[in-house]
Amino acid sequence: MSSFRRDYITKPIFSWARGVLPSMSDTEREALEAGDVWWDADLFTGNPDWSKLLDQKPATLTEEEAAFLKGPVDELCAMLDEWKINWEWRDLPPEVWDYIKRKKFFGMIIPKKFGGLGFSPYAHSEVVRKLSSRSLTAAVTVMVPNSLGPGELLMRFGTREQQERWLPRLSDGRDIPCFGLTSPEAGSDAASMIDSGIICKGNFEGREVLGLRLNWHKRYITLGPVATLLGLAFKAYDPDHLVGTSDELGITVALIPTDLPGVEIGHRHLPAMQVFQNGPNRGRDVFIPMDYIIGGEARLGQGWKMLMTALAAGRGISLPSLSAAGAAYAARTTGAYARIREQFGISIGKFEGIEEPLARIAGTAYLLDAARRLTCAALNEGHHPAVISGIMKLQATERMRIAIDDAMDVHGGKAVIDGPQNYMGNLYRSVPVGITVEGANILTRNLIVFGQGAIRAHPYLLQEMNALGEADHAKGLDAFDTAFWKHVGHSVVTLFRAWGRSWTGGMFIVVPDAAEATGFYRQLSRYSSAFALCADMALLTMGGALKRKEMLSARFGDILSELYLLSAALKRWQDEGRQAADFAALEWCMASGFRTIENRFAEIFANLPNRFVAVVLKFLIQPFGARVLGPSDRVVHQCAQLILEPSAARDRLTPDLSHVEDDGGIARLEKAFLLVTSAEDIAKRMRAAHIHDAKEAVSKGVITQAEGDQLAAAHEAVAKVIEVDDFAPEALSPIYKKPAEVHQFFQELGETRAAS
């Protein structure tokens with residue numbers, strides 16, 4: 001029976017599918033095969049196993065890692081003054097560079113046997129998160145050597161000799177690393193780089209050896225201007241066939257000491273007014289021996305796969321950590337500012353128009369840190385979830401952008417006028433950097449999240465594609481027959497599952513008992529089934545053409561992203577002991593995510609090219625259209641309240657941010673926030689007595705003298721917070737030297753205009 005099915009039913013389908021399967025370049029295949037799958041695979045089945053998620057051990061710190069955060073990290077934060085770093089020094093001061101090296105911040109991920117700290121991905125994330133809440137320049141400086149770069153590539157792919165030579169030097173800061181991938185010709189399409197390495201013989205350190213002669217031009221390279229060891233991606237060629245029979249060997253990665261002849265370190269870039277070290281570099285006829293290739297000669301042409309494997313993990317740590325810190329920072333500062341700032345005689349946090357962005361900031365902070373912790377838990381256990389890392393980089397940076405925009409709107413002029421007391425401006429300016437690096441978000445959303453996820457996380461699609469690409473026709477047919485009919489069975493089950501769950505609202509789905517959150521599990525299971533069915537139908541009816549329908553792909557990717565992020569929020573709720581006070585944040589996340597999911601389904605049904613399939617899917621999944629409207633006014637109000645009053649819930653929402661006790665903007669804000677909230681009862685008694693002056697209230701016995709003094713201290717603290725900086729003209733521009741010259745300049749300007 002199975003042979004009859006294979007020969008008379010499967011074989012024609014196999015032949016047709018081989019003919020329509022779009023071609024896949026080696027770089028595309030290597031990118032798809034990088035990393036592994038994890039919870040994303042469960043979501044793609046359409047029937048996620050929630051016990052697997054809830055049984056996942058939460059990410060935790062060792063005693064040594066926790067001590068590092070309380071010791072060297074806090075000490076480093078105390079050394080940082082972001083205003084001076086950005087506007088006076090344009091760099092980290094020498095003592096900070098020295099401290100970073102001495103305390104091995106550059107070697108956090110390097111094993112102890114090579115002189116590093118041997119920290120877990122979660123510890124790496126926590127360090128970046130805390131530093132980001134104090135200084136973005138310091139955070140980026142620390143995170144880059146611990147992310148995609150020479151250190152990680154050496155640990156994964158380097159030879160023993162390379163590891164023993166370079167890793168100790170990277171750990172203690174004797175070498176500062178950077179990695180050169182982006183070039184003027186190759187940005188998002190890194191595979192189109194023209195940087196080259198020609199295999200030849202040459203002189204190196206006084207002897208003739210086999211090696212490569214390199215020519216390259218790279219830009220946007222973080223730490224490039226100060227790097228002593230450059231990791232370089234280039235295309236290797238062997239025209240004289242010195243190592244094999246092929247002329248083109250493919251993308252290769254090598255280590256380039258920057259003091260080699262022909263290496264040119266360029267001047268600095270200034271990315272969005274951020275002053276972390278970043279700049280271009282070139283190489284002109286730079287000769288290196290073969291053992292400078294990471295992994296040695298055996299790794300020639302394997303560079304793209306190595307890079308994608310490393311990126312599969314790295315994208316899930318650094319930028320998501322920075323983004324989660326940014327959202328938490330916005331929640332803590334904006335909630336405090338909205339609480340102490342009054343307009344029309346009341347705190348602006350009481351206006352519903354302000355509550356809406358406050359709730360969005362608070363909910364975003366809850367969601368991003370939940371996803372960050374869950375992703376780190378997977379990384380801690382050795383997973384390298386490429387699709388999830390892509391989701392995290394994209395969604396974390398995009399949602400940080402929204403949170404910071406909201407924070408700016410609530411702060412108004414306080415966040416617009418720059419100066420040492422402005423604690424929001426630099427974070428706002430830095431947002432485009434995170435959006436752009438490690439894969440531009442537009443590309444990631446439209447091509448990668450669903451494009452890679454559909455192939456890697458789907459239960460059968462990758463097996464079918466591999467079978468179709470099998471050179472041995474008979475072997476490929478057998479493999480395709482097995483995978484295809486399993487796929488068919490899976491699709492039939494998914495169709496009825498999705499239909500039943502959609503029409504019953506998920507009422508009968510078996511999910512964990514999670515008290516008030518139980519219904520959320522049912523809805524996510526329902527949406528997962530609908531997603532699996534719609535993805536299968538889109539792939540079936542469009543095949544390889546779906547690759548070019550980027551807007552459809554983006555909508556599918558948005559649904560997959562929401563499913564992952566909302567799963568993380570439920571996991572956080574469970575791990576933190578189902579805190580009743582935090583439920584408003586969870587409820588806001590769910591309502592917002594469900595609205596996005598429903599809207600994306602509606603957009604998919606409206607735009608699927610096969611209209612018959614679109615109508616059937618709409619009937620099965622969404623017969624009455626998108627019905628979820630987002631968080632109710634009640635939920636918005638309750639979520640906003642989480643950051644408007646001192647509480648354990650506020651502290652859980654904004655944990656472990658840097659709090660340096662100085663007279664800077666943040667310290668002033670925290671002081672005023674505590675004084676105002678502690679004096680709330682006093683202010684209420686005065687309002688009830690229709691008295692606005694504290695002295696009058698004391699004289700009439702409405703409040704005591706001590707309470708009057710307490711209220712005065714609160715008012716004074718608020719006044720210091722709402723102050724903004726101003727500068728003498730000569731402090732901002734060399735044009736103006738003295739006030740008299742300023743006056744004369746404008747007087748002469750006026751006379752000139754009058755004369756004309």
Side-chain angles (χ1 to χ4, degrees), residues 77-97 133-141 225 267-279 326 329-330 333-334 336-337 340-343 348 404-405 407-433 660-672 715-756:
C77 287
M79 300 169 69
L80 301 169
D81 184 325
E82 190 75 336
W83 174 259
K84 290 183 178 179
I85 289 169
N86 278 279
W87 299 104
E88 296 182 21
W89 304 326
R90 304 288 187 182
D91 195 0
L92 296 173
E95 60 271 19
V96 170
W97 279 103
S133 67
R134 180 65 178 174
S135 167
L136 289 169
T137 303
V140 172
T141 299
H267 297 306
R268 290 174 61 180
H269 297 313
L270 190 60
M273 298 304 291
Q274 304 305 299
V275 299
F276 58 85
Q277 292 284 340
N278 185 279
Y329 180 90
T333 55
T334 311
Y337 188 79
I340 69 169
R341 185 73 164 112
E342 291 189 357
Q343 294 286 277
I348 65 172
I404 301 307
D405 280 350
M408 293 291 291
D409 288 348
V410 173
H411 278 84
K414 171 65 181 177
V416 170
I417 303 302
D418 264 319
Q421 300 306 318
N422 185 338
Y423 45 80
M424 288 301 306
N426 196 57
L427 181 56
Y428 175 75
R429 281 186 295 273
S430 73
V431 167
V433 178
V660 176
E661 296 297 331
D662 54 20
D663 193 38
I666 296 292
R668 289 185 180 186
L669 178 63
E670 286 286 322
K671 178 183 177 181
H715 288 163
E716 182 182 355
V718 170
K720 291 191 73 174
V721 169
I722 64 176
E723 285 178 357
V724 295
D725 297 283
D726 54 43
F727 302 88
E730 62 270 21
L732 294 180
S733 172
I735 295 174
Y736 309 125
K737 300 299 183 184
K738 299 176 183 177
E741 294 178 10
V742 177
H743 177 74
Q744 182 180 355
F745 171 81
F746 283 106
Q747 185 178 34
E748 292 174 354
L749 180 63
E751 292 171 353
T752 302
R753 287 179 175 173
S756 63

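Scope of the values below: all heavy atoms of this structure, side chains included, with no hydrogens, waters or symmetry mates.
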Any side-chain heavy-atom pair of L92 and T141 under 4.5 Å: yes
Spacing of I417 atom CD1 and Q421 atom CD [to the nearest 0.5 Å]: 13.5 Å
4.5 Å side-chain heavy-atom contact, M424 and Y337: no
Under 3.5 Å: donor-acceptor pair, side chain of R134, backbone of L80: yes
Note, R268 side chain near D91 side chain (heavy atom, < 4.5 Å): yes
Nearest-0.5 Å distance that lies between atom CD1 in I340 and atom NE2 in H715: 11.0 Å
Plane angle bin for Y423 and Y329 - parallel if under 30°, tilted between 30 and 60°, otherwise perpendicular: perpendicular
Nearest heavy atoms of G413 and V724, plus distance in Å: O-CG1, 4.2 Å
Value rounded to 0.5 Å, distance of CG in N86 from CG in L270: 9.0 Å
Which atom of Q277 lies closest to which atom of P225, heavy atoms considered: OE1-CB, 3.2 Å
Note, H411 side chain near T333 side chain (heavy atom, < 4.5 Å): yes
Salt-bridge present (R429, D418; N to O < 4.0 Å): yes
Short side-chain donor-acceptor distance under 3.5 Å, E82 and N426: yes
Nearest-0.5 Å distance, CD1 of residue I85 to CZ of residue F276: 13.0 Å
Distance in Å, S133 OG paired with L427 CG, rounded so as to fall on 0.5 Å steps: 10.5 Å
Over 12 non-hydrogen atoms of neighbours within 6.0 angstrom of CD in E723: yes
Within 6.0 Å of NZ in K414, more than 12 heavy atoms from elsewhere: yes
Nearest heavy-atom neighbours spanning A330 and I404: CB-CD1, 3.9 Å
Derivation and outcome, side chain to side chain contact (heavy atoms under 4.5 Å, CB included), residues W87 and V275: CA-CA 9 Å; W87 299 104; V275 299; over 6 Å; no
Residue pair D725 / N422: nearest heavy atoms and the distance that separates them: OD2-N, 4.0 Å
Side-chain heavy-atom pair L136, Q274 within 4.5 angstrom cut-off: yes
Contact summary for P271 and V433, nearest pair of heavy atoms: O-CG2, 3.9 Å
Spacing of K671 atom NZ and E716 atom CD [to the nearest 0.5 Å]: 7.0 Å
